[in-house]
Amino acid sequence: MDQALAEARAAALRGEVPVGAVLIDPSGRVIAADGNRTRELLDPTAHAEIQVIRAACRAAGSQRLPGHALWVTLEPCPMCAAAISAARIELLYYGADDPRMGGVAHGARVFDHPQCHHRPQVYDGINAGESRALLQDFFAKRR
């Protein structure tokens, strides 16, 4: 989670919402790490999770990532949760809850939906305080 937090801090320095993600392969090696890039890329789908899933799929030469673990600083939104499912990621670790836009424990609860074809093991609350503080500080400075 430390590396995901570093990616979130780098995203904030770029003017992006500070969310970071790291994807780990089955051997424990980091294969992708990034933060939000929606503003930089002018792409509403360029969330940290999507960025690392795309990079990891290219590295693996496959659209599926079985046995992989995703670490992200904020509860994934419904779009990212659907991508996690489609990529068949085995483990999801996330930091802060997102009651307003989350798609795992809140809102759409993508993995609980009967049409969800793959459900990762989910572990939440990892460094949640630090993740939440990054977000709160970022938005406080914008107001």
Side-chain angles (χ1 to χ4, degrees), residues 1-113 116-142:
M1 186 59 85
D2 289 338
Q3 189 169 355
L5 286 162
E7 293 292 340
R9 286 188 286 277
L13 291 173
R14 293 191 303 271
E16 301 279 357
V17 174
V19 176
V22 176
L23 234 158
I24 311 292
D25 74 9
S27 71
R29 188 173 49 110
V30 172
I31 57 169
D34 208 344
N36 278 355
R37 293 186 182 271
T38 60
R39 293 170 191 234
E40 174 187 343
L41 300 176
L42 304 175
D43 179 355
T45 69
H47 291 194
E49 301 95 320
I50 300 296
Q51 294 297 102
V52 298
I53 290 170
R54 287 175 178 161
C57 286
R58 283 191 300 272
S62 173
Q63 78 275 22
R64 305 252 165 85
L65 300 167
H68 288 65
L70 175 63
W71 293 77
V72 63
T73 58
L74 181 65
E75 176 183 350
C77 72
M79 173 186 69
C80 293
I84 291 163
S85 177
R88 308 295 198 278
I89 291 170
E90 183 176 337
L91 302 164
L92 169 63
Y93 301 91
Y94 72 84
D97 285 339
D98 190 352
R100 193 173 72 81
M101 296 295 293
V104 176
H106 299 88
R109 298 181 186 215
V110 171
F111 304 137
D112 293 339
H113 197 279
C116 181
H117 55 274
H118 171 77
R119 293 162 181 83
Q121 293 175 33
V122 177
Y123 302 91
D124 62 358
I126 314 295
N127 289 77
E130 189 172 353
S131 297
R132 188 176 307 102
L134 277 172
L135 289 158
Q136 289 172 338
D137 183 55
F138 177 81
F139 286 111
K141 289 178 181 172
R142 294 218 176 263

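Reckoned from all heavy atoms, side chains included, excluding hydrogens, waters and symmetry mates. When a residue number appears, it is its place in the shown sequence, counting from 1.
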| Gap between atom CZ of R9 and atom CD of E7 - 0.5 Å precision | 10.0 Å

| How far does CD of Q3 sit from CG of D34, to the nearest 0.5 angstrom? | 10.5 Å

| request: Can you tell me which residue pairs pass the side-chain hydrogen bond (donor to acceptor under 3.5 Å, both in side chains) test with a partner in residues 19-31, sequence neighbours excluded? | output: D25-S27, D25-R29

| Got L41 and Q51 here, is their nearest side-chain heavy-atom distance under 4.5 Å? | yes

| field | Between CG on residue D43 and NE2 on residue H47, distance to nearest 0.5 Å | value | 8.5 Å

| request: Any chance you could measure I31, atom CD1, to L65, atom CG, to the nearest 0.5 Å? | output: 6.0 Å

| Sub-4.5 Å side-chain heavy-atom contact between V17 and F139 | yes

| task | Return yes if some donor-acceptor pair links the side-chain N/O of E16 with the main-chain N/O of T38 below 3.5 Å, else return no. | result | yes

| R37 side chain near R14 side chain, heavy-atom distance below 4.5 Å | yes

| Less than 4.5 Å apart, any side-chain heavy atom of L92 and any of I84? | yes

| field | Side chain H118, main chain I89, donor-acceptor under 3.5 Å | value | yes

| query | Got P18 and N36 here, is their nearest side-chain heavy-atom distance under 4.5 Å? | reply | no

| query | How long is the span from the CD atom in Q121 to the CZ atom in F111, to the nearest 0.5 Å? | reply | 12.0 Å

| field | From CZ (R132) to CG (L74), nearest 0.5 Å | value | 9.5 Å

| task | Measure across V52 and A32 and return the closest heavy-atom pair with its distance rounded to 0.1 Å. | result | O-CB, 3.6 Å

| V19 to A11 - nearest heavy-atom pair and separation | O-CB, 4.2 Å

| field | Nearest heavy-atom neighbours spanning P66 and P26 | value | O-CG, 3.8 Å

| Which pairs count as side-chain hydrogen bond (donor to acceptor under 3.5 Å, both in side chains) when at least one residue sits in residues 61-88, sequence neighbours excluded? | E75-H106, R88-H117

| Can you name the closest pair of heavy atoms from A128 and G95 and give their distance? | CB-O, 3.6 Å

